[in-house]
Number of protein chains: 2
Amino acid sequence: MRDSELADIRNLPLFRSMTEQNFVSLTRAAYDQTFPPQVKLIEEGAMADFLHIVVEGSVELFAGWRDRETTLAVVRPVSTFILAACIKDAPYLMSARTLEKTRIILVPSVDLRATFRIDPEFAMATISELAMSYRSVVRHAKDLKLRNARERLAAYVLRQSQMANGAVGFVLPIEKRLLASFLGITPESLSRAMKSLQEVGAKVDGQRVIITDRKALEAYAQPTALIDGPEYEGSAGFDLPDARAEAEAIGL
Amino acid sequence: MRDSELADIRNLPLFRSMTEQNFVSLTRAAYDQTFPPQVKLIEEGAMADFLHIVVEGSVELFAGWRDRETTLAVVRPVSTFILAACIKDAPYLMSARTLEKTRIILVPSVDLRATFRIDPEFAMATISELAMSYRSVVRHAKDLKLRNARERLAAYVLRQSQMANGAVGFVLPIEKRLLASFLGITPESLSRAMKSLQEVGAKVDGQRVIITDRKALEAYAQPTALIDGPEYEGSAGFDLPDARAEAEAIGL
DNA sequence: TTGCATGATTGACTTATGTTAAGTGCATGG
DNA sequence: CCATGCACTTAACATAAGTCAATCATGCAA
């Protein structure tokens, strides 16, 4: 494992406060691996043998039932995922696949469980991480149950804008079919919802989103911290990655 | 606080393994209170000052947005709720109201946080509890995103039957409007969905549910552990309470 | 370059679910 | 006892979202 990666991992809220000794032994037990795009890393139902940490690339967390599939999150560097399954020593509830060439650190969950037994600071960090993840999924459930498709999309656009420091324009960080699946709708519905956003203050052109009337969009989406975040520290959060702000789009 | 209650609480997975001393000091800081039906215990957005433990009665956890409301869980004795908000010292994401006359133990979240810093066993139990809660909400999200209303209802019926030791008949443990809200639909839709279940092996008559053709119902609902549980230890799980099995209904 | 695969869009249509508005039945309290 | 309220049901209708199919755009490979 490279030093720069180690430093990045060490800096995650989950690992930041543990003793150096425990961090070293935990990461020594770990190994890293690089995967091509579209490789299934985890099959839901399998036993949770490893905590995963994305250090390069991106990973989709999804779940299936019968012939249906839904995206639950897209994870970007540097973040951990499927912590809860590792802790409970239980089957994964989600599958994971790489979206691009991706580098993953794998920490055996047995070492993980051993470590927070002996390192109180790590235990505290784990508690904090899990509480955050929990709240994140609760927000997702509220979003799904309280808003319709267009409202969810509008709120998503405002969230992305927020994360891009309030930028008026940004580029969608993921494919639209993934966004649709995350929002719980079909790509066709997303397409239509995007067009209809023009009536309430946002325009989508290809990958580019531009907020044409923030007041109107906010009046429509009624964003609230109790559904839309803010999301906290960079890990297993139940959300999609930040949009990169579009320099050109600012000031439109 | 009564001794029998203390014993019940002590027996919860969350408190079972901590030292007696810490348990005593934690519960000494706590107090209990009895509320009439339909009292709002928690307002979402408020700061999480207390961990709540239901020892008698029942509590609905719900959330609102604009003029809409949705039920996220119904909690029955003896269980804790809103642990995550207490840990993060953050605003509640859900509101809570009593459904009937209800007795609640309130543990100041500041004492809670102090305690798992000094009691590793309690920290471990908290980790386990949070991981379980997290998985529970993930299941709920999967249920919502992967199944339609009728499938969710069918799966719910099978889950309840399972919890009633595979009973063929049981009584709905909550009002239908609550069940509808939990399933993410209107009461009218639930009514129709219930009638239409007859075609796939279940009949609803008032509060009574009878599985007329389990094979058919299972073929339709396709229950899976990765969505439908089993739910684990009796706490903050994201589900509705067990149905009581109906003795008379068995064998129909 | 051409050809192909994949994602995105669009339109016509179907279906699921919500809405509105009566009703029914049951429980509760005067 | 009746009257009121509330949960639940039912029906007619409206709307949101899914489905299917065709088309377009884009990027990549031959």
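To find a chain, count down the sequence lines: A is the first, B the second, and so on, and within it residues start at 1.
Closest to the side chain of A/N148, out of D/dA17, D/dT19, C/dT19, is D/dA17. Residue B/K195 has its side chain nearest to D/dT10 when only C/dT10, D/dT10, D/dA17 are considered. Side chain of B/A149, nearest nucleotide from C/dT10, C/dT17, C/dG18: C/dT17.
Side-chain contact, A/S161 with A/R214: a donor N or O sits under 3.5 Å from an acceptor N or O. No side-chain N or O of B/S95 forms a donor-acceptor pair with one of B/E43 less than 3.5 Å apart. Of the N and O atoms on the side chains of A/K145 and B/H140, at least one donor lies less than 3.5 Å from an acceptor on the other residue. Residues A/T186 and A/S189 bring a donor and an acceptor atom of their side chains to less than 3.5 Å of each other.
B/T186 has no side-chain polar atom (N or O) that falls below the 4.0 Å cut-off from OP1 or OP2 of C/dT17. Using a 4.0 Å cut-off, some side-chain N or O of A/S189 falls inside it from OP1 or OP2 of D/dG18.
The separation between A/L146 atom CG and D/dA16 atom C1' is 17 Å, rounded to whole Å. Between the CD1 atom of B/I185 and the P atom of D/dC8 there is a distance of 12 Å, rounded to whole Å. Atom CG of A/L144 and atom P of D/dA16 are 18 Å apart (whole Å). Distance B/Q38 CD to D/dC6 P: 10 Å, rounded to the nearest Å. Between the CG atom of B/L99 and the P atom of D/dC6 there is a distance of 16 Å, rounded to whole Å. The nearest whole Å value for the distance from the CD atom in B/E188 to the C1' atom in D/dC8 is 9 Å. D/dA16 atom C1' lies 11 Å from atom CD of A/E151, rounded to whole Å. Going from atom CZ of A/R147 over to atom C1' of D/dA16 covers 17 Å, rounded to whole Å.
Salt bridge B/D228/B/R139: absent, no basic N to carboxylate O contact under 4.0 Å. Ion pairing of A/D213 with A/K203 is absent here, as no side-chain N (NZ or NE/NH1/NH2) approaches a carboxylate O to less than 4.0 Å. A salt bridge links B/R68 to A/E151: one of the charged nitrogens lies within less than 4.0 Å of a carboxylate oxygen. The pair A/E69-A/R97 meets the salt-bridge criterion, with a side-chain N (NZ, NE, NH1 or NH2) lying under 4.0 Å from an Asp/Glu carboxylate O.
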Listed pairs, N/O of protein and of nucleotides 4-8 of chain C, under 3.5 Å:
from, atom 1, to, atom 2, distance (Å)
C/dA8, OP1, A/K176, N, 2.8
C/dA8, OP2, A/R177, N, 3.0

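A donor and an acceptor atom sit less than 3.5 Å apart, one in the side chain of A/R192 and one in the base of D/dT19.
Atoms OG1 and CD, on A/T34 and A/E56 in that order, are 6.5 Å from each other to the nearest 0.5 Å.
Direction of the helix axis in the helix from C/dT1-D/dA30 to C/dG30-D/dC1 shifts by 30° between the two five-pair termini, rounded to 10°.
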